[in-house]
Amino acid sequence: MSAVQISASPIDAAALTRALVDPQCGGFVSFEGWVRNHNEGQTVLQLEYEVYSPIAISEGERIITEAKQRFDIVAALCQHREGVLALGDMAVWVGVAAAHRGPAFDACQYIINNVKTRLPIWKKEYYDSGDSGWVNCEHCAAHA
């Protein structure tokens with residue numbers, strides 16, 4: 001299993017979690033990003049993600065490798081959706097297993113912050129006004 005996956009199907013967080021179970025790990029941290037019903041004062045009805053998968057996967061693998069080098073973790077996985085998602089759908093999942101919780105927390109945050117700023121994934125929001133728009137994430141980069 002590749003450490004980074006792009007999927008048109010719903011994310012199976014339980015299966016991804018099971019893939020990280022390891023007897024040497026006492027800490028596990030995961031992050032789930034869900035489609036919410038608002039953004040910047042607009043009511044959001046659904047999202048659409050467009051992904052350039054070859055680069056997203058290779059850069060995502062690079063991010064996982066960096067996390068393993070920076071933090072004392074055993075393993076990490078990330079899966080991001082593509083296509084049209086409804087409110088409440090899980091858009092992204094990151095899981096990290098480590099001997100201790102601290103490195104798992106730190107690596108999980110590092111991975112999601114870098115996924116949001118470095119991967120070629122574009123998000124289009126559909127609004128209740130009938131309008132839609134591609135949303136950039138420059139403010140995410142400022143917080144990463």
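Computed from heavy atoms alone, side chains included, the values below leave out hydrogens, waters and symmetry copies. Quick caveat: nothing in here was measured; it's all calculated off a predicted structure.
- No side-chain heavy atom of Leu47 sits under 4.5 Å from any side-chain heavy atom of Tyr126.
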Do Glu66 and Tyr110 pass the side-chain contact (heavy atoms from CB on, under 4.5 Å) test, and can you show the C-alpha distance, the side-chain angles, and the key distance before you say yes or no? CA-CA 9 Å; Glu66 291 168 7; Tyr110 178 85; 2.5 Å; yes

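- Qualifying side chain to side chain contact (heavy atoms under 4.5 Å, CB included) partners for Trp34, counting only residues two or more places apart in sequence or in other chains: Glu32, Met90.
- In this structure, the side chains of Lys123 and Glu125 come closer than 4.5 Å at one or more pairs of heavy atoms.
- Residue Asn114 holds its CG atom at 11.5 Å from CZ of Arg62, rounded to the nearest 0.5 Å.
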For Gln46 and Val84, what are the C-alpha separation, side-chain angles and deciding distance, and is it a side-chain contact (heavy atoms from CB on, under 4.5 Å)? CA-CA 7 Å; Gln46 67 183 23; Val84 177; 3.7 Å; yes

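- Atoms OG and CD, from Ser7 and Gln79 in turn, are 4.5 Å apart once rounded to the nearest 0.5 Å.
- A 4.5 Å side-chain heavy-atom check between Val115 and Cys78 finds at least one atom pair inside the cut-off.
- Scanning all heavy atoms of the two residues, the minimum distance from Gly60 to Leu119 falls at N-CD1, 3.9 Å.
- Here the CD atom belonging to Gln5 is positioned 8.5 Å from the CD1 atom belonging to Ile57, to the nearest 0.5 angstrom.
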Can you list the steps and then say if Glu82 with Ser53 is a side-chain contact (heavy atoms from CB on, under 4.5 Å)? CA-CA 9 Å; Glu82 65 180 345; Ser53 293; 4.2 Å; yes

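- Linking ILVMFWY residues whenever their side-chain heavy atoms come closer than 4.5 Å, directly or via other members, leaves Leu16 and Val29 in distinct clusters.
- The side chain to side chain donor-acceptor pair (under 3.5 Å) check on Arg36 picks up Asn39, with sequence neighbours excluded.
- Residues Pro10 and Arg81 are in side-chain contact: their nearest non-hydrogen atoms beyond the backbone lie under 4.5 Å apart.
- Minimum heavy-atom separation, Phe71 to Pro103: CB-O, 4.1 Å.
- Contact detail for Ala56 and Ile6: the closest heavy-atom pair is CB-CD1, 4.2 Å.
- Across every non-hydrogen atom of Ile55 and Pro120, the tightest pair is CG2-CG, 3.8 Å.
- In this structure the side chain of Leu77 reaches within 4.5 angstrom of the side chain of Leu20, judged on heavy atoms.
- Taking 4.5 Å as the limit, some side-chain heavy atom of Ile121 sits within range of a side-chain heavy atom of His80.
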Audit row: Tyr127, Leu45, side-chain contact (heavy atoms from CB on, under 4.5 Å) steps and yes/no: CA-CA 5 Å; Tyr127 307 111; Leu45 301 176; 5.9 Å; no

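- In this structure, the side chain to side chain donor-acceptor pair (under 3.5 Å) partners of Ser2, at least two apart in sequence or on a different chain, are Glu61.
- No donor-acceptor pair under 3.5 Å is formed between the side chain of Arg101 and the backbone N or O of Gly27.
- More than 12 heavy atoms of other residues, nucleotides or ligands shown are found within 6.0 angstrom of CG on Asp22.
- Counting all heavy atoms, side chain and backbone alike, Ala76 lies closest to Val96 at CB-CG2, 4.0 Å.
- Asp89 contributes a side-chain N or O that, together with a main-chain N or O of Ala86, makes up a donor-acceptor pair within less than 3.5 Å.
- In the hydrophobic clustering of this structure, Val74 does not group with Ile63; members are Ile, Leu, Val, Met, Phe, Trp, Tyr whose side-chain heavy atoms approach within less than 4.5 Å, directly or through other members.
- Within a 6.0 Å radius of CD in Gln109, no more than 12 heavy atoms belonging to other residues, nucleotides or ligands are found.
- Note that CH2 of Trp122 and CD of Glu50 are 6.5 Å apart. Values are rounded to the nearest 0.5 Å.
- Using a 4.5 Å cut-off between side-chain heavy atoms of Ile, Leu, Val, Met, Phe, Trp and Tyr, with links allowed through other members, Val51 and Val92 fall into the same hydrophobic cluster.
- Within the 4.5 Å cutoff, no side-chain heavy atoms of Thr43 are placed close to those of His38.
- Atom CD1 of residue Ile111 and atom NZ of residue Lys116 lie 14.5 Å apart, to the nearest 0.5 angstrom.
- In this structure, Phe28 and Gly95 approach most closely via the heavy-atom pair CE1-CA, 4.1 Å.
- Linking Ile, Leu, Val, Met, Phe, Trp and Tyr residues whenever their side-chain heavy atoms come within less than 4.5 Å places Trp134 and Tyr52 in a single cluster.
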